[in-house]
Amino acid sequence: MEQLVNFHTQNGVLEIQFNRADKKNALTNAMYQAVQTAMEQAKSDDNIQVILFTSTGDFFTAGNDLVDFLNKAENDDAKLNALDFVQFLGDYPKPIVAAVTGSGVGIGLTLLLHCDLVYIVESAKLLAPFVDLSLVPEAGSTLLLTQKIGYQRAFEVFVMGEKITGKQAVELGLANQAFASSDEVLSTARQKAEILAKKSVPSVRQTKDLMRNATEILARIQQENIHFSNRLKTNEVKAILRKFFHKQ
């Protein structure tokens, strides 16, 4: 069976490629676990200095597979690895780069807030439909996105469901550069990741640590996770998720 996440290490960079294009790279519990395990191992691997997220197909990622949300909603003992993963991201020490070669939904947007460099295709759409699912945002995004783009604009994204284009992502400070083609995005991200991997490891790590208030971020993630888990238990959310699968 084809791997749903591919891993490749070269020149100090661990490339993590979402490879579920037929499902718009929606992330399953198993995919989250595989990514987290690889990133955990990379922490202590001196041959890996940078994490690079890429994807196959037309989507960066459509977010969490809603099957896992429904399983958790209907079975409190079910595991939801997404919540563990976003907590793990909160204080990840090594630099992270993203090549966003397609649209990103949910974690496809909030993951970028934990990346140190982001390159995106102009045609991409970033969307955070948590409120439309009767949930709340995750990954510390209620803090981080608000800090980046301001309260009112963040409210538009989270509550009103407004999309952010690739070009707008650069204007808002969510991405470093936008390109017309996915190939340009990918080649630039790989090039920048390799340049980053050659820099002083302790200097880069300490600089990142000074620039991010990990204590504040982790506290917000934990707070969001509590609300998220509680919302999943509500009949409102269960009805929305069941209706989604009934339409399919």
Side-chain angles (χ1 to χ4, degrees), residues 16 27 32 35-36 39-40 43 51 53 60-64 68-69 72 80-98 100 103-120 124-166 168-176 204-234 237:
I16 299 175
L27 302 178
Y32 277 114
V35 171
Q36 185 169 335
M39 290 179 69
E40 183 65 51
K43 276 187 181 182
I51 305 297
F53 281 103
F60 179 56
T61 170
N64 203 105
D68 292 332
F69 279 176
K72 179 64 176 175
L80 191 59
N81 289 340
L83 299 184
D84 291 336
F85 177 68
V86 296
Q87 189 80 31
F88 174 76
L89 277 179
D91 62 349
Y92 194 75
K94 294 191 175 183
I96 304 173
V97 180
V100 185
S103 293
V105 179
I107 191 72
L109 167 57
T110 60
L111 171 62
L112 305 184
L113 300 171
H114 296 274
C115 294
D116 304 288
L117 294 172
V118 175
Y119 303 94
I120 191 167
K125 302 292 191 300
L126 302 177
L127 179 66
F130 300 104
V131 170
D132 287 340
L133 292 172
S134 195
L135 295 166
V136 297
E138 34 77 317
S141 59
T142 56
L143 171 71
L144 296 171
L145 188 65
T146 304
Q147 288 177 338
K148 277 185 173 290
I149 71 175
Y151 176 86
Q152 282 82 8
R153 190 70 182 92
F155 192 91
E156 277 189 329
V157 173
F158 286 139
V159 179
M160 302 304 291
E162 296 287 341
K163 296 181 178 67
I164 298 172
T165 66
Q168 288 173 330
V170 176
E171 294 168 1
L172 293 169
L174 295 173
N176 297 83
V204 170
R205 183 173 297 194
Q206 289 167 19
T207 300
K208 175 173 177 171
D209 185 57
L210 288 167
M211 292 177 71
R212 284 171 60 87
N213 188 336
T215 301
E216 183 181 28
I217 293 169
L218 288 171
R220 180 58 62 89
I221 291 172
Q222 185 176 26
Q223 186 180 18
E224 290 170 348
N225 282 358
I226 291 170
H227 286 298
F228 195 100
S229 297
N230 288 338
R231 291 298 307 154
L232 272 177
K233 299 174 187 176
T234 65
V237 171

Test side-chain contact (heavy atoms from CB on, under 4.5 Å) applied to Phe60 and Leu111, step by step:
CA-CA 11 Å; Phe60 179 56; Leu111 171 62; 4.1 Å; yes
For Leu126 against Ala169, the heavy-atom pair lying closest together:
CD1-CB, 4.2 Å
Rounded to the nearest 0.5 Å, how far apart are OG1 of Thr146 and CG of Leu113?
9.5 Å
Residue pairs meeting side-chain hydrogen bond (donor to acceptor under 3.5 Å, both in side chains), one or both in residues 128-140, sequence neighbours left out, come to Thr110-Glu138, Ser134-Arg231, Ser134-Glu236
For Phe69 and Val237: C-alpha separation, side-chain torsions, deciding distance, then whether side-chain contact (heavy atoms from CB on, under 4.5 Å) applies.
CA-CA 9 Å; Phe69 279 176; Val237 171; over 6 Å; no
Inter-residue atom distance Leu127.CG - Ser103.OG, 0.5 Å rounding:
9.0 Å
Listed pairs under 3.5 Å, donor-acceptor, residues 153-165 side chains, sequence neighbours left out:
from   : atom 1 : to     : atom 2 : distance (Å)
Arg153 : NH1    : Glu156 : OE1    : 2.9
Thr165 : OG1    : Gln168 : N      : 3.1
Thr165 : OG1    : Gln168 : OE1    : 3.4

With no hydrogens and no angle check, is any side-chain donor or acceptor of Asp91 less than 3.5 Å from a backbone partner on Ala214?
no
Considering only distance and modelled atom types, tabulate donor-acceptor pairs under 3.5 Å from the side chains of residues 218-229, sequence neighbours left out.
from   : atom 1 : to     : atom 2 : distance (Å)
Arg220 : NH1    : Thr142 : OG1    : 3.1
Glu224 : OE1    : Ala139 : N      : 3.2
Glu224 : OE1    : Gly140 : N      : 2.6
Glu224 : OE2    : Ser141 : N      : 3.3
Glu224 : OE2    : Thr142 : N      : 3.0
Glu224 : OE2    : Thr142 : OG1    : 2.5
Asn225 : ND2    : Leu83  : O      : 3.2
Ser229 : OG     : Asn225 : O      : 2.9

In Å, rounded to the nearest 0.5 Å, how long is the span from CG of Leu109 to CG of Leu174?
7.0 Å
Applying side chain to side chain donor-acceptor pair (under 3.5 Å), can you list everything that pairs with Lys208, at least two apart in sequence or on another chain?
Asp116
Closest contact, heavy atoms only, Pro129 versus Gly106:
CD-N, 3.9 Å
Just to verify, what does Phe53 make a ring-ring contact (aromatic ring centres under 6.0 Å, His included) with, not counting sequence neighbours?
Phe18
For the pair Tyr32 (side chain) and Val86 (backbone), establish whether a donor and an acceptor sit closer than 3.5 Å, ignoring hydrogens and angles.
no
CD/Gln87 to CD/Gln36 distance, rounded to the nearest 0.5 angstrom?
10.0 Å
Supply the atom-to-atom distance Ile107 CD1 to Thr61 OG1, rounded to the nearest 0.5 angstrom.
8.0 Å
Excluding sequence neighbours, so at least two apart, what forms side chain to side chain donor-acceptor pair (under 3.5 Å) with Asn81?
none
